[in-house]
Amino acid sequence: METPSIGDLISAVEGESNITIKVSTEVARISGSPGNFTVTLKEAGSKTEWDAPDKVTVDEQELIDKGEKEDPNDGLQKYTEDNPDGEKYGAVVLATGWIPADVSQYEHLGHGKLKNVVTNAEFEKLAKEGKVPGNVAFIQSPGAAENDNDFPYCNSVTSMVALKQAKYVREDNADGKAFIIYQHMRTPGNTELFYKGIQDDDGIFLTKGTVSGVEENGTGLTVKADDTLLGESLELNVDMVVLAAGMVPTTLDNPTINLAYRQGPEFMDLDLFDGYADSHFICFPYETRRTGVYASGGVRKAETMEETIDDATGAALKAIQCIESANRGVAVHPRSGDQTFPEFFFSRCTQCKRCTEECPFGALDDDAKGTPLPNPTRCRRCGTCMGACPERIIGFKDYSIDLIGSMVKCIEVPDDDEDKLRILAFVCENDAYPALDMSGMHRNKMNKLVRFIPVRCLGSMNMVWIKDALSSGMDGAILLGCKYGDDYQCHFVKGSEIASRRMENIGETLSTLGLEPERVAVRQIAISDYNKIPDIMNEFVEEIIEMGPNPFKGF
Amino acid sequence: MNVQPDLDFIKDMKSAGGDTLKKCYQCATCSVVCPLSSDGDPFPRKEMIMAQWGLKDKLIGDPNVMLCHQCGDCTAYCPRGAKPGDVLGAIRAYTYKALGWPTGLAKLASSGKNLPILILIPMIIIGIFWKISGSHVPTVEEFARNGYGHFFGHWNFYWLSKNVFFIDIIMLPAAGLAAFAAFKGVTALWQKMSENAGVGDATFRPSAIQFITQFLFPAMVEIVQHNRFKECNANEDRVKGHLPLLLSFVALFIVTAYSAFTQDVLSLLPGINLHGPISMWNPIKILANVGAIALIVGIGILWANRSQKEQEGQATKTFYDWFLIWEIMAVGVTGLLAELLRLVGLPSLGYIVYFLHLVSVMMLFMYMPYTKFAHIVYRTAAMAFEKYRQSAFVKDPLEG
Ligand code: SF4
Ligand code: SF4
Ligand code: SF4
Ligand code: SF4
């Protein structure tokens, strides 16, 4: 096995004059925006007035103001304050890595109770100190009652760590034996060769199996496993048991990034990604839900050294692009190069804060009076704020409430004809609209009662357009956008989810007007769904036909 | 099952042709392609992991290991190049060694390094006896008259010729030892197989007659017919070699039994002298010659087959496999050559070849229980066991 090259890398970085390294240092807060972040650093573990404040909602703030609630941010500078002593940075790469998972919750495995039941991380430490016993079992999955799962936060890396550590047992002991009991052995790509090499070792024994328990046995331990490849339950007498504890991203429980933003110091909705920092691992690698902050390494997934090096390159390139874009005043991915920006007609703002709450990228702060305070370089031009504003005072030069509203009004609505209904579809231009295009290219038929209007993101759907459509006599409206929730595909993270929430509300409004709430609907479309679109549309049109024409037609 | 892998066993396997065993990743392709594996008890996938884990006790008592005919179908299809067919061969070699008695001899016969010693032992024994018997070398006339009948000299004791006497005292103990060792081995194997299959406490045991008629005899019929062998695909040609070989063994067994009968028993009767070469046209002689030729042809086919497979990488070159091929070839070639030399009348050369013939025959007998040759007893036992295991003696017919 190779000796780790991390030492060389560290000294190479230390020797580089353009790189400054600060050790024993933590980020107290990051304020400002891409191209102009102010970073306040502090000594690790210490507390300062510049620590990032927690998010306080409007309701909470009211209670605090009335003295009914304690201010969690007492003694801290407000998030809007800029530290004059802070350091300036253009972009941030988050590479805070992972911590070994706590596996003591699996009582049948005895970690924390039985001597010599250790985690893989603890075993690595023992190996560095030269204390590897000769007879070791590696457990890759907690097992027990038909449990096929691996330990949480495990993947191919923990598989390979077990293989590597099994080799330690063999190298340090003349007649060493290492047993690996797994549910899944993952060795993708070339690492398969590593697996083969380890497997070839006389003293390394692999089997799939469900571990039912670890017990003390004299000075040693007995591992019991069922459903093994040997066709029987096994009992292994070993000196030590190593559990494949997962690699928990540091972003799981802590804000970590410590942003001084109105929406709070951490990335939002990380529970959708088990705490990993990427906003969409496959579609937008390295991108977090904060513009100008890019993830690399263990905060993205459990990774090998090669992967973290790849990541570092990718994240650094993203960071450079971001600074460049900020410098030129244009948007970053996915609307790279967009020169417009949401403009606010503040004199009519009611300070309802819907825009500040809903902006998926935390681009809007509050100013001292509570009016939205845009941070242009944080903005990704999704238009979610425009869709949110009940006063309809937000718009872009090339995309506004009026613009789409006029398109709606231009659509011809046949009146007085029972058979000729008109249905309007608002289609997200990122995936749904291309899918519609592809459906056409595949010569799929499309229901002739439907008219389509592309929108930037369903998040930018202002409900006034629906009202416009229905009051001009159209019989139904449907929104086509990306999948949301778990494994969402929305290019602006939250857009389609927010839109579907708004649609629920508008449904209620409709029923108070005596209209069926089912006249408006949202459908999730993936780019690959092009052949399904005609059916989806037909089905919706059928429903509307059943309901009959819009009773307000012609008024 | 409490498991303590035996690292030495794994090393042993690896050195005996199973060097690929660790490559198996348990996909079970082999069990699917194996024409002999049964649905209820498939092999050799499980045998592979047991070998990887060094579970020798499990493997020694595993009838599947013996049921395998080493056709190589599994090896041809294994996606990992784990050569399961060869691994099973290595396990068999190990089993013969482990069950072999006396242990020293079993160990000796299991390694190619010992080949010189293995040859030297019978050479010395036969050489010494030849010396004791008077170092007889015939003249051309004597050779023409007696053939090899006076190899160990001649005396005028009517009932038992000196030659037969010497051959008996050399070969009978060797064969006896082998027979006893084989019996011991098979008994041990049966016991292990019963233990592993959990049939130790069957309520009814078959009687000796039941055992023979229901299990042993059907197994032997199957062997003679080569039914299972014919199912192997990757290696159809092997049947063409193995079947004549087996039949030639039967023929030569009859010949040997006949000549032992005539020379040792019938000769005791007054007035009959059957010592000396038999006429070329005697049916027994014809059978012997046909048998000898079948033997050489059969082993020749197997030889060619094996070389080809090794060249194609479908089999590993092992002492275990080649020793038997060489040995049988030696028996056949020296036997036939000795006969030819007698017909052309070259006494000294003939005697040397005949000497080598005796040496090779003795090797075949003596090392039978420890070398690949042992499969004739162990595989027969395993096939009988398989039938026994399926029978109502073990399986409750009502529970299936
Ligand atoms: S356009 Fe999108 S990113 Fe920009 S401020 Fe509005 S909601 Fe936020
Ligand atoms: S949503 Fe509109 S009205 Fe409400 S705070 Fe934002 S800009 Fe003002
Ligand atoms: S020996 Fe080969 S074919 Fe059989 S299970 Fe192993 S890898 Fe698969
Ligand atoms: S060598 Fe032939 S008989 Fe033996 S296990 Fe493989 S496929 Fe089956």
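Chain A is the first sequence line, chain B the second, and so forth, proteins listed ahead of strands; every chain is numbered from 1. Values in this document were obtained by computation on a predicted structure and should not be read as measured data.
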Which bit of A:Gln199 comes within less than 4.5 Å of chain B, counting heavy atoms only: side chain, backbone, both or neither? both
Would you mind checking which part of A:Thr222 comes under 4.5 Å of any heavy atom in chain B, side chain (CB onward), backbone (N, CA, C, O), both or neither? neither
The reported gap from CG in A:Asp202 to CE in B:Met13 (rounded to nearest 0.5 angstrom) is 11.5 Å
If I measure from the heavy atoms of chain A, does B:Gln52 come under 4.5 Å with its side chain, its backbone, both, or neither? both
Check whether B:Leu55 gets within reach of chain A through its side chain, its backbone, both or neither, counting any heavy atom under 4.5 Å. side chain
Residue, of B:Val3, B:Asn2, B:Ile10, that accumulates the most heavy atom pairs under 4.5 Å with chain A: B:Asn2
Whether [X] side chain and [Y] backbone form a donor-acceptor pair below 3.5 Å:
X        : Y        : result
B:Lys46  : A:Leu229 : no
B:Trp53  : A:Leu230 : no
A:Lys177 : B:Pro5   : yes

What I want to find out is whether A:Asp201 reaches B:Lys22 closely enough, with some N-O distance under 4.0 Å, to be called a salt bridge. no
[options]: which one forms the most heavy-atom pairs within less than 4.5 Å of chain B?
options                                : result
A:Asp175, A:Asn237, A:Val238           : A:Asn237
A:Leu206, A:Leu236, A:Asn135, A:Thr228 : A:Leu206
A:Lys224, A:Lys196, A:Lys208, A:Met185 : A:Lys196

Would you say OH of B:Tyr77 has more than 12 non-hydrogen atoms from neighbouring residues, nucleotides or ligands within 6.0 angstrom? no
Show, in sequence, the C-alpha distance, side-chain angles and deciding distance for B:Lys58 and A:Glu232, and conclude whether the side chain to side chain contact (heavy atoms under 4.5 Å, CB included) test is met. CA-CA 12 Å; B:Lys58 285 260 159 198; A:Glu232 289 181 51; 2.8 Å; yes
For a 4.5 angstrom cut-off between non-hydrogen side-chain atoms, does A:Asp200 reach B:Lys14? yes
